[in-house]
Amino acid sequence: YFARERGNGWMEVEMGHFYNG
Amino acid sequence: DVLWEKFLPADYQEIISGALHLLPSAALSEKELYYRLSDDPLLIDGGSKSFQLEKSSGKKCIMLGAKELAISWGDGKTPWYWDWPRCPGSRFAQVAELHGVWWLEIHGKMEIQLLSPNTFYVAHFVFKLRDDAYGFDDYEPMKAKVEVFGRADGDTNACSKERLIYLG
């Protein structure tokens, strides 16, 4: 999973997911 | 207003009342409040977290500030590893600035009740990399994992498997 631009110089990378059931 | 209130989370008044800076919610219509909460994150919990609505769905988005994270050697006692400057580009009062460590480990924890029920969530790590940063290229990935603890049904598969992430 690669980091991507988020805006204003910030980056984000997906760490994982979950279902809040 | 009756219609727009249905788009707001059931506990929105409780969340607003706990905001760091008073939100004049009484002066806003439900529609204005919905747009305010989706356009501009609200600092809650003494400013350690932010709360926002996803505009297209009304689902809750929570961001933990760096002060709310457990960062190895990031307790402020070793500023040559981690420093805690103010950052005008951040919604939070302070950010964690990495100078250099031989072991990089960060944990974040939050109550899942803060989030919208029956909703699929993705957790992101948000950061800035300086032009002269090193140690984060394609050959040096980090391990990332999201776990859900203490579910009433005991379902431990509610979380994702460990993955490799590349900050650079």
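First the proteins, then the strands, lettered A, B, ... as listed; each starts at 1. Everything quoted here is computed from the prediction, not taken from an experiment.
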Asker: Under a 4.5 Å heavy-atom cut-off, does chain A meet the side chain of B:Ser116, its backbone, both or neither?
Answerer: backbone
Asker: Can a donor-acceptor pair be found, under 3.5 Å and without considering hydrogens, that links the side chain of B:Ser57 to the backbone of B:Lys59?
Answerer: yes
Asker: With a 4.5 angstrom heavy-atom cut-off, is it the side chain or the backbone of B:Lys128 that approaches chain A, or both, or neither?
Answerer: both
Asker: Would you tell me whether B:Tyr12 and B:Glu5 have side-chain atoms, one donor and one acceptor, within less than 3.5 Å of each other?
Answerer: yes
Asker: Considering only heavy atoms, which portion of B:Leu167 lies under 4.5 Å from any heavy atom of chain A: side chain, backbone, both, or neither?
Answerer: both
Asker: Please rank A:Met15, A:Glu14, A:Arg6 by heavy-atom pairs under 4.5 Å with chain B and give me the top one.
Answerer: A:Met15
Asker: Restricting to side chain to side chain contact (heavy atoms under 4.5 Å, CB included), what partner residues turn up for B:Leu115, sequence neighbours left out?
Answerer: A:Phe18, A:Asn20, B:Ile62, B:Met110, B:Ile112, B:Tyr121
Asker: Ignoring hydrogens and angles, tell me if any N or O in the side chain of A:Trp10 forms a donor-acceptor pair with the backbone of B:Gly89 under 3.5 Å.
Answerer: yes
